[in-house]
Peer 1: 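Here it is, the structure, as structure tokens.
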Amino acid sequence: QVQLVESGGGLVQPGGSLRLSCAASGSIFSIDPMAWYRQAPGNQRDLVAHITAGGSTEYTDSVKGRFTISRDNAKNTVYLQMNSLRPEDTAVYYCYANIRYFSGGRTYQHWGQGTQVTVSS
């Protein structure tokens, strides 16, 4: 059974930095893509950034130049480095992975449990 385990959230002052990690464990053939979403209270869950197995990345406009998504394919892990954090970045951050269990099989979408990021002075 595949699990996504997130870590790295917390409380940080405006202008500070945090690094989120998400590790996928279990029987995995490949993961493509991996991504980070976030959901603030009363809002829908929105895409923050995603990265393909080949390393291509995309970001939502509000985080461009401040956040960096990366991955370690050997460890089935995705990271989100968040710099110059703003109060409006406060949300629960969710890891997403589209996983293929074996060669030629279909893919399955998986979500992490979520990690709280709070930006406040």
Side-chain angles (χ1 to χ4, degrees):
Q1 183 171 349
V2 172
Q3 284 188 314
L4 301 183
V5 178
E6 303 174 14
S7 61
L11 172 65
V12 64
Q13 292 186 343
S17 298
L18 284 174
R19 188 190 194 212
L20 306 182
S21 299
C22 173
S25 62
S27 179
I28 297 170
F29 175 75
S30 65
I31 309 177
D32 195 13
M34 302 186 83
W36 288 95
Y37 286 72
R38 65 187 179 186
Q39 186 169 19
N43 290 357
Q44 65 182 18
R45 189 176 298 186
D46 292 324
L47 177 67
V48 176
H50 96 285
I51 184 167
T52 68
S56 297
T57 59
E58 290 188 10
Y59 298 89
T60 191
D61 285 346
S62 63
V63 308
K64 287 180 180 177
R66 302 188 297 123
F67 291 10
T68 302
I69 189 170
S70 61
R71 63 188 286 173
D72 183 333
N73 290 334
K75 296 181 179 180
N76 290 328
T77 299
V78 64
Y79 306 95
L80 186 68
Q81 178 66 44
M82 304 185 293
N83 298 328
S84 302
L85 283 160
R86 305 167 180 168
E88 54 264 39
D89 295 317
T90 296
V92 178
Y93 284 69
Y94 295 92
C95 171
Y96 165 90
N98 193 41
I99 297 174
R100 194 181 305 275
Y101 296 158
F102 55 88
S103 178
R106 57 158 288 186
T107 59
Y108 295 84
Q109 298 183 16
H110 292 268
W111 292 91
Q113 79 281 8
T115 185
Q116 177 70 45
V117 172
T118 302
V119 185
S120 175
S121 55

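Because only heavy atoms are used, hydrogens play no part in the values below, and waters and symmetry mates are left out as well, while side chains stay in. Keep in mind the model is a prediction, meaning the values are calculated, not measured.
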Peer 1: If every non-hydrogen atom of Ser17 is compared with every non-hydrogen atom of Ser84, which pair is closest and at what distance?
Peer 2: OG-N, 4.4 Å

Peer 1: Okay, side chain of Arg45, backbone of Gln39: is any donor-acceptor separation there less than 3.5 Å?
Peer 2: no

Peer 1: Test of understanding: with side-chain contact (heavy atoms from CB on, under 4.5 Å), list the residues that count as partners of Val2, not counting sequence neighbours.
Peer 2: Ile28, Ile99, Tyr101, His110

Peer 1: Indicate if Met34 and Phe67 have the same hydrophobic cluster label, given that clusters are the connected sets of ILVMFWY residues with side-chain heavy-atom separations under 4.5 angstrom.
Peer 2: yes

Peer 1: Consider side-chain hydrogen bond (donor to acceptor under 3.5 Å, both in side chains). Of Thr90, Asp46, Thr115, Asp89, which one does Arg38 pass it with?
Peer 2: Asp89

Peer 1: Using the rule side-chain contact (heavy atoms from CB on, under 4.5 Å), only one of Leu80, Val78, Ile69, Val48 pairs with Leu20; which is it?
Peer 2: Leu80

Peer 1: Can you tell me how far apart OH (Tyr94) and SG (Cys22) are? Round to the nearest 0.5 Å.
Peer 2: 13.0 Å

Peer 1: Check the hydrophobic clustering (I, L, V, M, F, W, Y; side-chain heavy atoms under 4.5 Å; chains of links allowed) and say if Tyr93 and Tyr79 are grouped together.
Peer 2: no

Peer 1: Taking only residues two or more places apart in sequence, or in another chain, which ones meet Phe29 in a ring-ring contact (aromatic ring centres under 6.0 Å, His included)?
Peer 2: none

Peer 1: Is any side-chain heavy atom of Cys95 less than 4.5 Å from a side-chain heavy atom of Trp111?
Peer 2: no

Peer 1: When you measure from the side chain of Arg71 to the backbone N and O of Ala35, does any donor-acceptor pair fall under 3.5 Å?
Peer 2: no

Peer 1: Does Val63 belong to the same Ile/Leu/Val/Met/Phe/Trp/Tyr cluster as Val117, with side-chain heavy atoms less than 4.5 Å apart forming each link?
Peer 2: yes

Peer 1: Which distance, rounded to the nearest 0.5 Å, do you find between the CD of Gln81 and the OG of Ser21?
Peer 2: 9.5 Å

Peer 1: If two hydrophobic side chains count as joined below 4.5 Å and joins carry through other members, does Val92 share a cluster with Trp36?
Peer 2: no

Peer 1: Looking at every non-hydrogen atom in both residues, tell me the closest pair between Pro14 and Ser121 and how far apart they are.
Peer 2: CD-N, 3.7 Å

Peer 1: State, yes or no, whether a side-chain contact exists between Ile51 and Pro33 at a heavy-atom distance under 4.5 Å.
Peer 2: no

Peer 1: Can you name the nearest heavy-atom pair linking Arg66 to Leu85, along with the distance?
Peer 2: NH1-CA, 3.9 Å

Peer 1: Give a yes or no on whether the backbone of Asp32 and the side-chain of Asn98 come within a donor-acceptor separation of less than 3.5 Å.
Peer 2: yes

Peer 1: Got a donor-acceptor contact below 3.5 angstrom from the Asn76 side chain to the Ile31 backbone?
Peer 2: no

Peer 1: Measuring from Ser62:OG to Glu88:CD, what's the distance to the nearest 0.5 Å?
Peer 2: 8.0 Å

Peer 1: Taking CD in Gln3 as the centre, count heavy atoms belonging to other residues, nucleotides or ligands within less than 6.0 Å. Is the count above 12?
Peer 2: no

Peer 1: Starting at OH of Tyr96, measure out to CG of Leu47 and round the result to the nearest 0.5 Å.
Peer 2: 10.0 Å

Peer 1: When you compare the side chain of Leu11 with that of Ser120, does any pair of heavy atoms fall below 4.5 Å?
Peer 2: yes

